[in-house]
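Just below is one structure, and these are the notes that go with it.
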Amino acid sequence: MAYATTAGHGEHDEHHPTGWRRWVYSTNHKDIGTMYIILSLIAAILGGVMSWLIRLELAQPGIEFIENTQFYNVLVTAHGFLMVFFVVMPAMIGGFGNWFVPLMIGAPDMAFPRMNNISFWLTAAGMALLVTSAFVGEGPGTGWTVYPPLSSIAYHPGAAVDFGILALHLAGAGSILGAINLIVTIFNMRAPGMTIHRMPLFCWAILVTAFLLLLAVPVLAGALTMLLTDRNFGTTFYVVAGGGDPLLWQHLFWFFGHPEVYIIILPAFGIISQIISTFSKKPVFGYLGMAYAMAAIGFVGFIVWAHHMYTSGIGANARAYFTVATMIIAVPTGIKIFSWLATMWGGSIEFKAPMMFAIGFLWLFVIGGVTGVVLANAGIDFVLHDTYYVVAHFHYVMAIAAIFAMFGGYYYWIGKMSGRQYSEKLAHIQFWIFFIGVNVLFFPQHFLGLNGMPRRIPDFPDAYAGWNMVSSVGAAITMVGTLMFYYIIWHTHRHGKTAEANPWGEGATTLEWTVPSPAPFHTHEELPVISGGDHGHGPAHGGLKPAE
Amino acid sequence: MKAVQANAGRTKNRAGATILFGIVAGMVGLSFASVPLYRMFCQVTGYAGTPKTENVAASSGVIDHTVTVQFDANVNGDLPWQFKPTQRGIEVRLGEETLAYYTAANVSDQPVVGTATFNVAPDAAAQYFSKLDCFCFTEQRLEPGQEVSMPVLFYVDPAMADDIDARDIRKITLSYTFYRMDGDGKNEPNTAGIASKGNSGGQS
């Protein structure tokens, strides 16, 4: 009966613009979400190809393929920027956030539909500038951290770094506008009865993420502006000779950079919570604890930044503080892990593809989290700083874990977004190829790092040859898994079975499953009314009543 | 009725967005304000080896507790100067106002303006190291071939003897690094880099 009120919405479809205007001028949260996801798919291929080139060069000792080592630096830099700013953030926040926050809270659209449009196009323009920067001069070879003095005019005299800075400015402005839009939407546009403590955890995740964006990205913008004027207008924010200090950049960058990694992983937490609850056919264990654990992680994320700077010469007391503060993050993170496990415990679990990716996420996130606790110790970090151990750590905990959440989210929601269901068999094969691939790729990097292999160097001593070859074989397997995902996208849209409004049955209780598949152009024009205290998990628990 | 509600919703949204834009502007402002805020923080706490230079009162008394102050001198490669301490170290009593000298000489054939950054090690001693006057407070201009003596007047605060973290310190190192300040002596050092690097290379 919940579907009856919304079925009629399809008739509004004829009002929307068609052709290129539908997309370029779009103010519809679903179309903009789709564009974000497509942008992310394009950026993922670019960033992926770069990582395969890196692993190709690193397969054997010696400079084998990439003779221009500055080009190697550019690959490392662009891979990081693309993956962080133009793959994960657009897909999770812009893509799934746009699509499902309004659907889940019962809002007809975002609070500022036109601002939504400009957010997307700023992000797209930022990506275009970033790709351009690789072809300007010798390209930006600074790493994604852009530390001066390497990024100063003396060591990167071309305009490439300036292009990169402006690319991040544009993408940052897009993120900030998107964050404002999401916060206002979540605060002001929830359907009657959808109190903040009944919101699905995905909306909670996006809300916390949006606040992190709001507080962190402006600091990056300020730091980048200082770098830009240092490079071009003779200011000396990061130049000791003029009374500045390159450490200022590190502090500002990581004040942004550490919350940034939570900006990447918090939406993943949200997606994983929805998936695990759905396929365990139980409400999430400890809903309030889960919601406020995310808020706590967001808050603590702002006061641990210097654990990226243990070796920069900060004092012993500062190192002690940042070690302790960093360890504290394990508490709310542990709350989340154990609540997910408790949600599964005793549940009637169905191992559909989204659930497989959710479990894969738990595996990767726990391994990355454990190595994170190791690295949090300033004393140990002195040994492991800038080694492959760090590379393995952050790829496990945030990069690949986030990718697993994105794959899971895609399989979970593609029926709702496209009206067609993926092939369960293909998705399972893709899961196993990708899961084995990334573990073979990144697990040996722990050994390389413990043995002292430095990051960001295209060559290494022969002693590291064995595990590097294994790692590169893992990259090849991962490549097969990635390309197969693109095939599955094509296969779903061409051959996928028609998706039902709710393909997942009784476990799927959030509001997006009450509208038809694919979700009509306009939804929730008649606001749904939610009652009962079961955290946005509506009809299955008798909580949701359609509006009359 | 519906229109009224829609308008109310829009006003609420606008208000929300205005507040959030304000937060964004505030964070951008804070990132720039971090420079003077950090400087103030270091001045007050002596963090990262920052000696006391602002509002330093004359020493209130001398106590019988001595430390050795050592002097260190560095010159940035762009500055065609020789710069060294006149004495390697002085033994001082806490609270005793002491005058020490450095010698600087311009070895190029052009007038050059320079300014010195300074630091104290170990960090724990910095907040007690009080500079009453110093050549490093102003820019220094040397004519071609000119050699001058550069004084620094300081004392070590007797409160150091009561600080559990600093009372065992026996040696304090005062370090300077001279940098070139080009042109009119405004804050335009050689950071715009390569072009001016070429200039100074030609002179030295």
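To find a chain, count down the sequence lines: A is the first, B the second, and so on, and within it residues start at 1.
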Anything under 30° is parallel, anything over 60° is perpendicular, the rest tilted; go ahead and classify [X] against [Y].
X	Y	value
B/F129	B/F154	parallel
A/F255	A/F302	tilted
B/Y38	A/H251	tilted

Chain B heavy atoms under 4.5 Å from [X]: which part of the residue, side chain, backbone, both or neither?
X	result
A/L215	both
A/V240	both
A/L248	side chain
A/Y238	neither
A/L220	neither
A/L252	side chain
A/F237	side chain

Among B/T117, B/T115, B/D72, B/L79, the one residue meeting side chain to side chain contact (heavy atoms under 4.5 Å, CB included) with B/T177: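 Checked B/T117, B/T115, B/D72, B/L79 against B/T177; only one passes side chain to side chain contact (heavy atoms under 4.5 Å, CB included): B/T117.
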Which atoms of B/F21 approach chain A - backbone, side chain, both or neither, heavy atom under 4.5 Å: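 Looking at B/F21, backbone and side chain both touch chain A.
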Using non-hydrogen atoms and a 4.5 Å limit, figure out which bit of B/N13 sits close to chain A: side chain, backbone, both or neither.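 It is both, since atoms from each part get that close.
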Pick from A/V184, A/N188, A/L213 with the largest number of heavy-atom pairs that fall under 4.5 Å of chain B: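 Between A/V184, A/N188, A/L213, the count favours A/N188.
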Of all of A/I180, A/D245, A/T185, which one pairs up most often with chain B through heavy atoms under 4.5 Å apart?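 Top option by heavy-atom pairs under 4.5 Å: A/I180.
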Going by atom types only, do A/T145 and A/H308 share a side-chain donor-acceptor pair under 3.5 Å?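 Side-chain D/A pair, A/T145 to A/H308: absent.
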What distance do B/I90 atom CD1 and B/E96 atom CD have between them, rounded to the nearest 0.5 Å?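 The distance works out to 9.0 Å.
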B/V69 versus B/Q87: any side-chain heavy-atom pair under 4.5 Å?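 No. Closest side-chain heavy atoms not under 4.5 Å.
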Yes or no on side-chain hydrogen bond (donor to acceptor under 3.5 Å, both in side chains) for A/N98 and A/N116, after CA distance, side-chain angles and deciding distance? CA-CA 9 Å; A/N98 252 311; A/N116 206 5; 2.8 Å; yes
